[in-house]
2 protein chains.
Amino acid sequence: MDDKEPRWLTEAEAAAWMPLLATAMWLPAALDQQLQVDAGMSNFEYGVLAALSGQEGRTVRLSELARMANSTLPRLSKVIDRLDRNGWVIRRPDPADGRSTLATLTDKGVEKVEATAPGHVARVRALVFDHLTPAQVRQLATITTKISATFELDRICAPRPSRDSSAETTGNDARASLA
Amino acid sequence: MDDKEPRWLTEAEAAAWMPLLATAMWLPAALDQQLQVDAGMSNFEYGVLAALSGQEGRTVRLSELARMANSTLPRLSKVIDRLDRNGWVIRRPDPADGRSTLATLTDKGVEKVEATAPGHVARVRALVFDHLTPAQVRQLATITTKISATFELDRICAPRPSRDSSAETTGNDARASLA
DNA sequence: GAGTTTAACTTGACAAGGCAAGCAAATAGG
DNA sequence: CCTATTTGCTTGCCTTGTCAAGTTAAACTC
C-alpha cells in the first residue's frame, strides 16, 4: 500500500517545522488574549469589524464578508449575532435581494475599531516584527505568501465539487485596514 | 492615555503580516483535515502520540506531556480519555507519586503512529516545503524560531504569578519524532 | 504526627466552531 | 403562472477547548 521510504523531513526542514507549527498554534491564541483583555473581543471578531470598516458604506453582504474573513457562513452568522448584540454592527435585509443580509458597521463599531487597533498593532509588533530585521521581514513575506497560496489551491481543489473557479478572489485576509 | 501615532505597520510589514496570519489560521486546520480523514484523529492527538513514542518506555507523566504538547492539563486529560478509549494509550497511576498519572503508548498506539506518520509528513511537505528553496527553509527556521521564542517569554512573564522560572524548558514541540 | 499548603489530575458548566437540516427568496423551465 | 431548483442565510446538535471547582496525594511546619 504505502511506499517503503516515504520521504522523511530533512534535518533542515525539521528545524523549520517545529517552530513553524508552534508559531501557527500560538499566534492566534496570543492575539485573542490581547484583544479579549483590551477590547472584549476575539481576533476573529476584530477581523470582521476591520473588514467591514474598509468597505464602501461600511456594509457588505454576509456571504462576501465570510469570504473576506476566511470563515464559514454559519460561523459568521453567529459572530454577527454577538457583534449585533454589542451594537457594533447591524443586520439588515438586502433591498436588492431578499435572500441576502447586509451587515453594516455602526458608528459605535467604528469607534471600537479605532480604539482597538493601536493596541492590536502594538501586540503584532511585539510578537513578530520587533525581533526581525528588515531583510527577514521581506523573507517572511515571500515565504508565507507561498505557503498561504497553497491553501488557496487546497480550498479550491479539495472540498468543492468544482464550482465557479473564481480567478478574482486571490484570498485577501481581513486585515487590510492595518496598513 | 494613548500615543497619538501608534507606530503603524510599514508597508513591508503589512505585506508579511497578512499571509502570516493566513498561514497561522489555516495550517492547523489543514493538518487536522488530513489526519481526520486518513487516521481519525486531530493534529493535536497525533502530536500527543508522537510525543509519547519518543519517550523512554513510551511513558510520560501527564503534566510533562502537557508541557511537551503545549497543552493545558484539562485539555490533555480529555484527549487521553479518547486515546484510551481507542486503545492507543493507557493510563496508570505513578507508583512513585500517587498524585501523578502516567500515560503509556500501547503497541496498537505505536502501530497507529507508524501507519499515520508517512501521510502526515507528505501533507506537511505538500503544504509547506515543496514550494520553498533550501535557502528559504533556513530562513523560515531562523524566523519562526525567533517568533516562537517570543511566546515562551509571553507564557513565562504574562499569565503566571512568577513561579519557577524554569530555564530548562525551552519549549520543544511535540513533533520531535518527525525528523 | 496532626494541620496546612501545594501539586497533579479530573470533572462540570459553559462558549465556540463545524456540519447538516431547514427556510425563505429568487431563478429557471415548461 | 406554477412548479422545481438554486442560493443565501439561520438554527440545532455535537464535538472540542477553557475556566473554575473538587479530589486525592505529597510535602512542609511545628
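Chain naming here is simple, since letters A, B, ... match the order of the sequence lines and numbering starts at 1 in each.
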- Item | Of the listed nucleotides dC9(D), dT11(C), dA8(C), the one nearest the side chain of S100(B) | dA8(C)

- Message: Just to verify, what does Q136(A) make a side-chain contact (heavy atoms from CB on, under 4.5 Å) with, not counting sequence neighbours?
- Response: L132(A), T133(A), Q139(A), T142(B), I143(B)

- Note on the structure: Between CE of M41(A) and P of dA16(C) the distance, given in whole Å, is 13 Å

- Message: Going by the rule side-chain hydrogen bond (donor to acceptor under 3.5 Å, both in side chains), which residues pair with S77(A) if we only count those two or more places apart in sequence or in a different chain?
- Response: none

- Note on the structure: Applying side-chain contact (heavy atoms from CB on, under 4.5 Å) to R138(B) and not counting sequence neighbours gives P134(B), A135(B)

- Item | Integer-rounded Å distance: dT10(C) P and D84(B) CG | 10 Å

- Item | Euclidean distance, atom CZ of residue R61(A) to atom C1' of dC9(D) [Å, nearest integer] | 10 Å

- Grab the CG-C1' distance between D81(B) and dT10(C) for me, whole Å please. 9 Å

- Message: What is the separation between atom CD on E64(A) and atom C1' on dT7(D), rounded to the nearest whole Å?
- Response: 15 Å

- B/S/- contact track for nucleotides 14-26 of chain D, protein heavy atom under 4.0 Å: ---SBBB----BS

- Task: Quick one: label L62(A) by what it contacts on the DNA or RNA (base, sugar-phosphate, nothing), any heavy atom closer than 4.0 Å.
- Result: sugar-phosphate

- Task: Identify, with sequence neighbours excluded, every residue that meets side-chain hydrogen bond (donor to acceptor under 3.5 Å, both in side chains) alongside T59(A).
- Result: T104(A)

Which side-chain N or O atoms in residues 89-96 of chain A pair as donor and acceptor under 3.5 Å with protein atoms at least two apart or in another chain?
unit_1	atom_1	unit_2	atom_2	d
R91(A)	NH2	D81(A)	OD1	2.0
D94(A)	OD1	A96(A)	N	2.8

- Message: Less than 4.0 angstrom between a side-chain N/O of S77(A) and OP1 or OP2 of dT10(D), yes or no?
- Response: yes

- Can we say E111(B) and K108(B) salt-bridge, meaning some charged N sits less than 4.0 Å from an Asp/Glu carboxylate O? no

- Whole-Å distance between dG8(D) P and R67(A) CZ? 12 Å

